[in-house]
Amino acid sequence: MGTLLRTLALGIAFSATISGCGTGAEDTDIDSLPIVTEDDKADTTGSQLVWVRPSSFPVYCFAPPCATKQVAEVNTGEARLIYKYDWRALKLTSTELVTAEANHFNMMLRGRYNTVKVSGQNMTVLQISRASMKVSTTTDDNPEKDGFYLTKEAVCGKQPCPVVQAELVNKTAAPELWNTVDLSRLGLSTSAEASLLAEMKDKTGQVYVSQSTTPTGNKQISQAFRSIKSPTLK
């Protein structure tokens with residue numbers, strides 16, 4: 001996956017200017033698509049819900065219609081080129097939408113793939129049902145190597161209790177029980193770290209994290225993701 005994405009991103013920067021990639025001539029109205037839902041029975045796309053991490057690598061092309069973004073499906077090793085995001089299900093204001101588009105590579109996104117016709121060609125749209133913003137600006141995750149999890153309260157029968165229960169996303173696997181959670185890499189203040197840990201232990205499961213393995217074999221949280229509508233950690 002990494003080789004594919006880097007090949008697309010490197011060495012052809014001049015092409016974006018001369019191809020007219022992203023011009024209005026190739027624009028398609030995504031309002032023609034049904035708004036995405038997380039209800040599988042009501043879904044019309046035929047696509048499974050998937051969590052992805054957008055890449056910060058720029059996408060260049062030789063001739064329109066052009067993909068404008070690239071995403072990595074976490075925990076699967078799969079990559080996709082995306083023509084556009086469809087944010088409508090999140091009901092963002094115009095200002096929030098501009099901010100989301102500008103910061104998409106700092107997010108973990110959930111949605112379904114759909115297809116639109118652009119200049120006679122099928123192009124992939126990611127219809128977003130959830131968007132979570134990364135917490136730390138001092139470190140980052142690695143979608144090619146890290147494990148990505150939903151965290152929530154761990155059911156405890158007797159002491160000592162696990163700190164959190166963690167479930168891999170995009171995969172069917174038994175939940176993991178973590179007895180310790182190392183948030184030091186995130187570089188948060190003491191109060192912000194405590195607030196984040198409290199959210200990670202919420203029963204409803206609102207925080208997603210990536211976990212990496214250090215050279216010594218220990219596990220660290222490499223990044224955490226909270227809903228884009230969550231208040232700032234203090």
Side-chain angles (χ1 to χ4, degrees), residues 1 4-6 8-10 12-13 15-17 19-38 45 47 49-61 63-74 78-119 121-137 140-143 148 169-170 206-208 210 223-233:
M1 180 191 71
L4 168 64
L5 294 184
R6 291 199 249 315
L8 290 167
L10 297 177
I12 52 176
S15 304
T17 301
S19 70
C21 183
T23 64
E26 66 176 70
D27 198 23
T28 292
D29 184 9
I30 61 173
D31 288 340
S32 62
L33 299 175
I35 294 177
V36 69
T37 173
E38 294 199 348
T45 67
S47 172
L49 285 162
V50 62
W51 279 103
V52 304
R53 276 289 282 125
S55 171
S56 59
F57 286 115
V59 177
Y60 300 103
C61 68
C66 308
T68 60
K69 300 168 178 69
Q70 51 197 4
V71 299
E73 297 179 5
V74 300
E78 298 297 322
R80 289 271 192 147
L81 290 174
I82 305 296
Y83 172 64
K84 275 191 174 181
Y85 292 141
D86 177 3
W87 300 91
R88 291 175 298 160
L90 302 187
K91 298 180 179 179
L92 303 176
T93 66
S94 56
T95 300
E96 289 172 337
L97 179 58
V98 170
T99 301
E101 282 284 359
N103 291 279
H104 70 100
F105 52 87
N106 289 322
M107 297 182 189
M108 188 172 166
L109 303 173
R110 191 187 199 206
R112 300 181 194 271
Y113 300 118
N114 209 338
T115 303
V116 292
K117 255 331 181 194
V118 184
S119 301
Q121 296 188 38
N122 287 332
M123 302 297 288
T124 301
V125 172
L126 178 62
Q127 295 191 273
I128 298 166
S129 60
R130 299 188 202 181
S132 296
M133 181 69 74
K134 71 179 187 179
V135 168
S136 176
T137 59
D140 219 338
D141 51 295
N142 184 339
F148 288 75
V169 301
N170 291 346
Q206 299 293 326
V207 177
Y208 297 83
S210 57
Q223 190 57 264
F225 302 85
R226 303 164 68 242
S227 169
I228 58 172
K229 297 191 175 182
S230 295
T232 304
L233 287 173

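The residues of the chain are indexed from 1 along the displayed sequence.
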* Could I get the full list of side-chain hydrogen bond (donor to acceptor under 3.5 Å, both in side chains) partners for K117, not counting sequence neighbours? =>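 Testing K117 for side-chain hydrogen bond (donor to acceptor under 3.5 Å, both in side chains), a comparison that skips the adjacent residues, returns N122.
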* What pairs of residues pass the salt bridge (charged side-chain N to carboxylate O under 4.0 Å, His left out) test when at least one of them lies in residues 102-113, not counting sequence neighbours? ->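 Sorted pair list: E38-R110, D40-R112, D43-R112.
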Could you tell me if the side chain of [Y] sits less than 4.5 Å from the side chain of [X], heavy atoms only?
| X | Y | answer |
| --- | --- | --- |
| T37 | S129 | no |
| L81 | K69 | no |
| I82 | T68 | no |
| R53 | D140 | yes |
| M133 | N106 | yes |
| V74 | M108 | yes |
| I128 | L90 | yes |
| F225 | Q223 | yes |

* **Nearest heavy-atom neighbours spanning V59 and A67** =>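 The pair with the smallest heavy-atom distance is CG1-O, 3.5 Å.
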* Closest non-hydrogen atom pair, F105 against S55 ->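 Closest pair (atom of F105, atom of S55, distance): CB-O, 3.9 Å.
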Roughly how far, to the nearest 0.5 Å, is the [atom2] atom of [Y] from the [atom1] atom of [X]?
| X | Y | atom1 | atom2 | result |
| --- | --- | --- | --- | --- |
| C66 | Q121 | SG | CD | 9.5 Å |
| S47 | Y113 | OG | OH | 7.0 Å |
| R130 | S227 | CZ | OG | 9.5 Å |
| Q70 | S56 | CD | OG | 8.5 Å |

* Asked: Excluding sequence neighbours, so at least two apart, what forms salt bridge (charged side-chain N to carboxylate O under 4.0 Å, His left out) with E96?
  ->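 With sequence neighbours excluded, E96 shows a salt bridge (charged side-chain N to carboxylate O under 4.0 Å, His left out) to no residue whatsoever.
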* **T99 side chain to T95 backbone, donor-acceptor under 3.5 Å** =>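 Yes: the side chain of T99 pairs with the backbone of T95.
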* **Under-4.0 Å salt bridge between D141 and K134** =>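 Salt bridge between D141 and K134, a charged N being under 4.0 Å from a carboxylate O: no.
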* Passes side chain to side chain contact (heavy atoms under 4.5 Å, CB included), L92 versus I228? Steps please. -> CA-CA 10 Å; L92 303 176; I228 58 172; 3.9 Å; yes
* Partners of F148 by ring pair (Phe, Tyr, Trp, His ring centres under 6.0 Å), sequence neighbours excluded? ->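 Residues passing ring pair (Phe, Tyr, Trp, His ring centres under 6.0 Å) with F148: none at all.
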* To do: List for me each residue that meets ring pair (Phe, Tyr, Trp, His ring centres under 6.0 Å) alongside Y85, sequence neighbours excluded, and say none if there are none.
  =>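 Result, ring pair (Phe, Tyr, Trp, His ring centres under 6.0 Å) vs Y85: W87, H104.
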* Under the side chain to side chain contact (heavy atoms under 4.5 Å, CB included) rule, collect the residues that match up with N114, sequence neighbours excluded. =>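 In terms of side chain to side chain contact (heavy atoms under 4.5 Å, CB included), with neighbours along the sequence ignored, N114 is linked to L33, T45, Q127.
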* **Candidate pair L109 and W51, rule side chain to side chain contact (heavy atoms under 4.5 Å, CB included), full reasoning** => CA-CA 6 Å; L109 303 173; W51 279 103; 5.5 Å; no
* Asked: In a check of side chain to side chain contact (heavy atoms under 4.5 Å, CB included) between R88 and each of L97, I35, V36, which one passes?
  ->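 Single pass found, and it is I35.
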* Could you check L126 against K84 for side chain to side chain contact (heavy atoms under 4.5 Å, CB included), going step by step and ending with a plain yes or no? => CA-CA 7 Å; L126 178 62; K84 275 191 174 181; over 6 Å; no
